[in-house]
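Here is the structure we will look at.
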Amino acid sequence: MKKQIQQGFTLIELMIVVAIIGILAAVAIPAYQDYTAKAQASEAYTLLGGLKTPISEAMSNDASNGCSLPTGTISAGKYVASIAPTFTAGPPATCALQATYKTAGVNAKLAPAGTAATVTFTYDSSTGAWTCATTLPTEIRTKACP
């Protein structure tokens, strides 16, 4: 008499595997959404970071006319709708560069309730220091910009 060899998995074994995959997906999907939002949010920091040197130099040479985007500046991106400079005479004279995110085609955390989030870098001509402010949700902000 020959023994029959089991071929394949039982229904219980398959159900256990499906349950484990479901649990892993339930944990992974929200984490993936946060990583996506952080990656999209980083575009504004990159665009604004590239403007620090030219704005600093222009403001140190002529504070009243130095707060403008240099010729050829990339002032929008895939997730950033625009970058707008704002000059304040002071004293001290300051130049604020505000990046505004798009409201469509971005992660929901970048446009909560249809309102575009912003990141603002402000240059103080008296100290030569840059400060950062943002309306991004706490969980996707960078540590450099509280």
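No hydrogens, no waters, no symmetry mates; every other heavy atom, side chains included, goes into these values.
Counting heavy atoms of neighbouring residues, nucleotides and ligands inside a 6.0 Å radius, atom CD1 of Ile74 does not exceed 12 of them.
Scanning for side chain to side chain donor-acceptor pair (under 3.5 Å) contacts around Ser126 gives Asp124, with sequence neighbours left out. With sequence neighbours left out, Tyr123 forms a ring-ring contact (aromatic ring centres under 6.0 Å, His included) with Trp130.
Taking Ile, Leu, Val, Met, Phe, Trp and Tyr as members and joining any whose side-chain heavy atoms lie under 4.5 Å apart, directly or through other members, Val18 forms no hydrophobic cluster with any other residue. Counting side-chain heavy-atom gaps under 4.5 Å among Ile, Leu, Val, Met, Phe, Trp and Tyr, the cluster of Ile20 also holds Ile12, Ile16, Leu24.
The closest donor-acceptor contact from the side chain of Lys109 to the backbone of Lys38 lies at 3.5 Å or more, if one exists at all. A donor-acceptor pair under 3.5 Å links the side-chain atoms of Glu43 to the main chain of Tyr79, judged by distance alone. Judged by distance alone, with hydrogens and angles left aside, the side-chain atoms of Gln40 form a donor-acceptor pair with the main-chain N or O of Asn107 at under 3.5 Å.
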Identify every side-chain donor-acceptor pair in residues 82-101 under 3.5 Å, counting partners at least two apart or on other chains, and give the distances.
{"unit_1": "Tyr101", "atom_1": "OH", "unit_2": "Ala41", "atom_2": "O", "d": "2.6"}

Under 3.5 Å, sequence neighbours excluded: what are the donor-acceptor pairs made by side chains of residues 134-146?
{"unit_1": "Thr134", "atom_1": "OG1", "unit_2": "Thr118", "atom_2": "O", "d": "2.8"}
{"unit_1": "Thr134", "atom_1": "OG1", "unit_2": "Leu136", "atom_2": "N", "d": "3.1"}
{"unit_1": "Thr135", "atom_1": "OG1", "unit_2": "Thr118", "atom_2": "N", "d": "2.7"}
{"unit_1": "Thr135", "atom_1": "OG1", "unit_2": "Thr118", "atom_2": "OG1", "d": "3.4"}
{"unit_1": "Arg141", "atom_1": "NE", "unit_2": "Leu136", "atom_2": "O", "d": "2.6"}
{"unit_1": "Arg141", "atom_1": "NH2", "unit_2": "Leu136", "atom_2": "O", "d": "3.0"}
{"unit_1": "Thr142", "atom_1": "OG1", "unit_2": "Cys145", "atom_2": "N", "d": "3.4"}

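Minimum interatomic distance between Leu47 and Gly77 (heavy atoms only, all atoms of both residues): CD1-N, 4.4 Å.
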